[in-house]
A.B. asks: 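Got a structure for you, written out below as structure tokens; questions coming shortly.
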Protein chains: 2
Amino acid sequence: MADVAALAGVSSQTVSRVSMGLDNVRPETRRKVLTAMAELGYSANVAARALRYGSYGTLGVIAHRLARTGESRTVEAVVEAARAQGYTVTLVDVESPSSDEVTAAAARLSHQAIDGLVIIRAETATPDTLALPHRMPVVVSDSRFVGHHPAVGADQIDGARRATQHLLGLGHATVHHVAGPADSGPAQMRADAWRAALTEAGRDVPDVLRGDWTAGTGYEIGRELAADLDVTAVFCANDETAAGVLRALHEAGRRVPADVSVVGFDGIPLAEHLWPPLTTVVQDFSGIGRALVDLLLQQVRDGRALDDVHTLVPVELVVRASTGPAPGARRRDS
Amino acid sequence: MADVAALAGVSSQTVSRVSMGLDNVRPETRRKVLTAMAELGYSANVAARALRYGSYGTLGVIAHRLARTGESRTVEAVVEAARAQGYTVTLVDVESPSSDEVTAAAARLSHQAIDGLVIIRAETATPDTLALPHRMPVVVSDSRFVGHHPAVGADQIDGARRATQHLLGLGHATVHHVAGPADSGPAQMRADAWRAALTEAGRDVPDVLRGDWTAGTGYEIGRELAADLDVTAVFCANDETAAGVLRALHEAGRRVPADVSVVGFDGIPLAEHLWPPLTTVVQDFSGIGRALVDLLLQQVRDGRALDDVHTLVPVELVVRASTGPAPGARRRDS
DNA sequence: AGCACCGATGTTTACGTAAACATCAGCGGA
DNA sequence: TCCGCTGATGTTTACGTAAACATCGGTGCT
């Protein structure tokens with residue numbers, strides 16, 4: 001900056017004014033400064049600016065297994081929403097969503113230059129075991145943190161309930177559920193809502209089949225389901241798992257939806273192009289991302305924490321060809 | 001820091017020494033300082049440290065449509081590799097990979113605190129039109145930038161060639177190609193390699209069908225392909241497109257692979273669980289991510305640019321059930 | 001003409017840290 | 001006993017910027 005000032009024959013403060021885009025600089029002076037800046041390849045030092053100004057223009061994001069669909073779509077939405085507000089995003093990916101790892105990631109991030117922290121999922125972490133940097137604004141996309149940190153989440157319960165009721169409404173006697181991992185909050189909520197919907201309708205509640213969000217275990221569990229001719233309706237905790245189940249059903253010669261109906265969860269772009277196109281509960285990831293950033297920036301700007309805010313983002317059941325009348329119901333029809 | 005020093009009854013320099021983990025501090029003094037730090041919830045100011053030290057411990061990443069599979073897997077790999085080297089990652093997502101947007105994103109990032117820049121794809125950008133911050137270390141995952149910036153890329157050409165030859169080897173007279181967007185470098189390379197493989201084998205080269213990486217256009221193009229009974233083999237520029245093509249073939253009643261064989265590209269986790277499981281060219285995304293970070297940090301540490309380095313990461317053709325002998329070949333068999 | 005005011009620009013200072021240098025106490029050897 | 005050395009700690013300074021304040025020349029008014 002001093003070099004630029006010397007070359008342009010002005011003070012460093014004038015260089016600062018030009019670089020900040022203030023308007024109380026004579027056009028001629030501004031031009032001289034800009035020329036000097038270009039010549040020297042000058043650009044402002046961010047660290048110094050942040051030091052002076054007290055803000056970094058950056059939000060930290062802790063994500064868990066970024067390449068998983070829901071994860072990357074939420075992150076993309078957060079990045080997008082942050083950009084709209086003039087912030088960039090620093091990303092840390094954790095192997096497992098345990099308290100230790102999330103705490104370590106938060107510590108790593110707090111050693112970076114961030115103004116606030118978005119925790120995409122803190123599945124096995126609990127409010128008590130999760131240590132966060134002092135006075136760091138935080139939002140969590142996990143509703144178990146209500147009362148501790150502001151939270152944003154899709155309406156898991158409504159989605160799982162509607163998926164289950166959709167299948168019951170098609171005449172299926174009951175609905176089997178391929179769940180997500182036991183240590184996942186959303187997986188738990190979806191399983192609970194499925195169980196509640198069955199109970200409410202007075203139906204048998206089959207054992208939960210425990211998946212891990214991947215298509216691979218969906219396939220393995222699907223092979224067992226395919227072998228059981230009593231199974232006519234399966235609600236999967238996510239679309240990947242549903243893809244695995246579909247494959248297993250095809251391999252076993254069970255027709256979808258004539259013999260078995262399948263519902264997914266998430267609404268990944270590929271869901272529409274699986275065979276048959278998958279009925280699924282679509283989450284509004286970009287709405288979640290926007291809500292997360294809004295809640296976080298509100299705290300950053302006010303300088304104080306919002307404790308008990310909880311934004312519930314609605315979901316939508318999109319019915320496609322993977323669900324149809326129960327074989328029994330159809331038989332009654334004919 | 002001054003407060004901590006006062007509370008611990010030492011100088012700020014001693015606090016700094018403790019916080020940097022230097023060992024020339026008496027255990028008793030260290031303990032006092034740590035106690036004071038804990039009491040005041042002190043943590044070092046990153047901007048000041050960066051200002052003093054000249055480095056941020058952060059790499060910038062410019063990605064294009066993060067939620068797309070290949071993208072997010074590469075980003076995850078970069079994040080992972082960066083973490084292994086003690087760096088975090090700041091992410092910017094651009095709508096389109098044009099020079100203007102990438103240049104703007106680089107400018108945004110250079111206003112952030114980064115030590116180097118990873119450009120995941122700069123498809124429509126060219127070395128001439130892409131303006132980057134002065135003296136910023138850069139790597140690009142796009143081989144068209146060889147000679148301008150260090151580049152890392154999967155061996156697109158080998159992958160597309162092997163996919164095409166695999167289909168020809170199964171007895172198909174020719175192979176149709178559903179390409180990626182015309183302004184994408186990798187899409188261009190895959191299409192060129194497919195064309196070359198056909199020409200080399202002395203086969204007819206059908207018109208390129210122009211997709212946009214999505215399953216949606218794959219489906220639309222697939223409906224046309226399904227209507228053309230001469231089509232027996234389709235090589236898709238990525239797995240999503242292939243999923244759309246598979247769906248269109250199913251809807252039209254064309255059997256896969258008995259009537260039509262389909263190959264994808266990327267090796268997304270779902271490829272194995274599409275119906276039928278998709279033969280595809282698997283990219284080593286985490287290898288690409290590691291190579292990108294290695295090349296970048298080499299420049300960051302040496303303080304100088306590596307101009308003409310080009311790392312080619314091998315790909316692997318994984319054969320699954322979506323490809324089989326050409327109908328003609330089968331007929332000859334029987 | 002003289003004065004008050006305003007806009008453009010320069011000067012000083014503070015942001016929080018860590019390197020470089022300074023100081024100081026204690027200890028061993030002559 | 002005194003000197004010099006060593007290790008622990010304190011003091012000064014610089015990193016690059018922008019706010020706050022100071023200055024200076026011109027303009028319009030009386």
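Convention: sequence-line order gives letters A, B, ...; per-chain numbering from 1.
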A.B. asks: Using side-chain heavy atoms (C-beta onward) and a distance below 4.5 Å, is B:Thr74 in contact with B:Leu292?
C.D. replies: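 Result yes, sub-4.5 Å side-chain heavy-atom pair found.
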A.B. asks: Could you state the atom-to-atom distance from CE of A:Met20 to C1' of D:dA19 in whole Å?
C.D. replies: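 Between C1' of D:dA19 and CE of A:Met20: 9 Å.
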A.B. asks: Give me the atom names and distance for the closest heavy-atom approach of A:Gly116 to A:Leu296.
C.D. replies: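 The pair with the smallest heavy-atom distance is C-CD2, 3.8 Å.
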A.B. asks: 5'-most contact on DNA chain D: A:Val15 or B:Thr14, nearest heavy atom basis?
C.D. replies: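 Result of the comparison: B:Thr14.
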A.B. asks: I need the CG-P distance between A:Asp3 and D:dC15, as an integer number of Å.
C.D. replies: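 The distance from CG of A:Asp3 to P of D:dC15 comes to 11 Å, rounded to the nearest Å.
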A.B. asks: Could you tell me whether the phosphate oxygens of D:dT9, OP1 or OP2, come under 4.0 Å of any side-chain nitrogen or oxygen in B:Arg17?
C.D. replies: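 Answer no for this pair, as no side-chain N or O of B:Arg17 is under 4.0 Å from OP1 or OP2.
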A.B. asks: On a heavy-atom basis, which atom in A:Val138 and which in A:Gln299 lie closest, and how many Å separate them?
C.D. replies: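 A:Val138 and A:Gln299 have their closest heavy atoms at O-NE2, 3.0 Å.
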A.B. asks: Grab the two heavy atoms, one from B:Ser72 and one from A:Ser72, that are nearest each other, plus how far apart they are.
C.D. replies: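 Reported closest heavy-atom pair: CB-CB, 3.7 Å.
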A.B. asks: B:Tyr56 OH to C:dT17 C1': how many Å, rounded?
C.D. replies: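 The distance from OH of B:Tyr56 to C1' of C:dT17 comes to 14 Å, rounded to the nearest Å.
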A.B. asks: When all nucleic acid strands are considered with a 4.0 Å heavy-atom cut-off, which category describes A:Ser12: base, sugar-phosphate, or nothing?
C.D. replies: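 Here A:Ser12 touches no strand at all.
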A.B. asks: Whether B:Arg26 contacts D:dG7 is assessed here as follows: a side-chain N or O lying under 4.0 Å from the phosphate OP1 or OP2. Is that the case?
C.D. replies: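 Answer is no, no contact under 4.0 Å.
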A.B. asks: Is there a side-chain polar atom (N or O) of A:Ser19 under 4.0 Å from OP1 or OP2 of D:dT17?
C.D. replies: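 False: A:Ser19 side-chain N/O out of range (4.0 Å or more) of D:dT17 OP1/OP2.
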A.B. asks: Base, sugar-phosphate or nothing for B:Ser16? Non-hydrogen atoms, less than 4.0 Å.
C.D. replies: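 Contact class for B:Ser16: base.
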A.B. asks: Could you check B:Leu51 against B:Val25 and say which one's nearest nucleotide on DNA chain D is further toward the 5' end?
C.D. replies: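 It is B:Val25, whose closest nucleotide lies nearer the 5' terminus.
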A.B. asks: D:dA18 C1' sits how many Å from A:Asn45 CG, rounded?
C.D. replies: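 After rounding, the gap between these two atoms is 13 Å.
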A.B. asks: Give the rounded distance in Å between these two atoms: CG of B:Asn24 and C1' of D:dG10.
C.D. replies: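 Value for this atom pair: 13 Å.
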A.B. asks: Would you say D:dA8 has OP1 or OP2 under 4.0 Å from some side-chain N or O of B:Thr29?
C.D. replies: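 No.
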A.B. asks: What about B:Arg52: does its side chain form a donor-acceptor pair under 3.5 Å with the base of D:dG16?
C.D. replies: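 In this structure, the two groups form no donor-acceptor pair.
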A.B. asks: Hey, does the side chain of A:Tyr42 come within less than 4.0 Å of D:dT17's phosphate (OP1/OP2), counting only N and O?
C.D. replies: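 It does, given that an N or O in the side chain of A:Tyr42 lies less than 4.0 Å from OP1 or OP2 of D:dT17.
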A.B. asks: How is A:Ala44 classified with respect to the nucleic acid when contacts are heavy atoms under 4.0 Å: base, sugar-phosphate, or nothing?
C.D. replies: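 Sugar-phosphate contact only - A:Ala44 comes under 4.0 Å of backbone atoms but never of a base.
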A.B. asks: Would you kindly give the CZ-to-P distance between A:Arg31 and C:dT9, to the nearest whole Å?
C.D. replies: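 Distance, rounded to whole Å: 12 Å.
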A.B. asks: Rounded to whole angstroms, how far apart are CE on A:Met1 and P on C:dG10?
C.D. replies: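 Value for this atom pair: 12 Å.
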A.B. asks: Distance check needed: D:dG16 C1' versus A:Met37 CE, whole Å only.
C.D. replies: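 Computing the A:Met37:CE to D:dG16:C1' distance gives 14 Å.
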A.B. asks: Verify whether one side chain among A:Ser19 and A:Arg49 offers a donor that lies under 3.5 Å from an acceptor in the other.
C.D. replies: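 On atom types as modelled, these side chains qualify, holding a pair under 3.5 Å.
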A.B. asks: Using the closest heavy atom to pick a nucleotide of DNA chain C for each, name whichever of B:Gln13 or B:Ala48 lands nearer the 5' end.
C.D. replies: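 This one resolves to B:Ala48.
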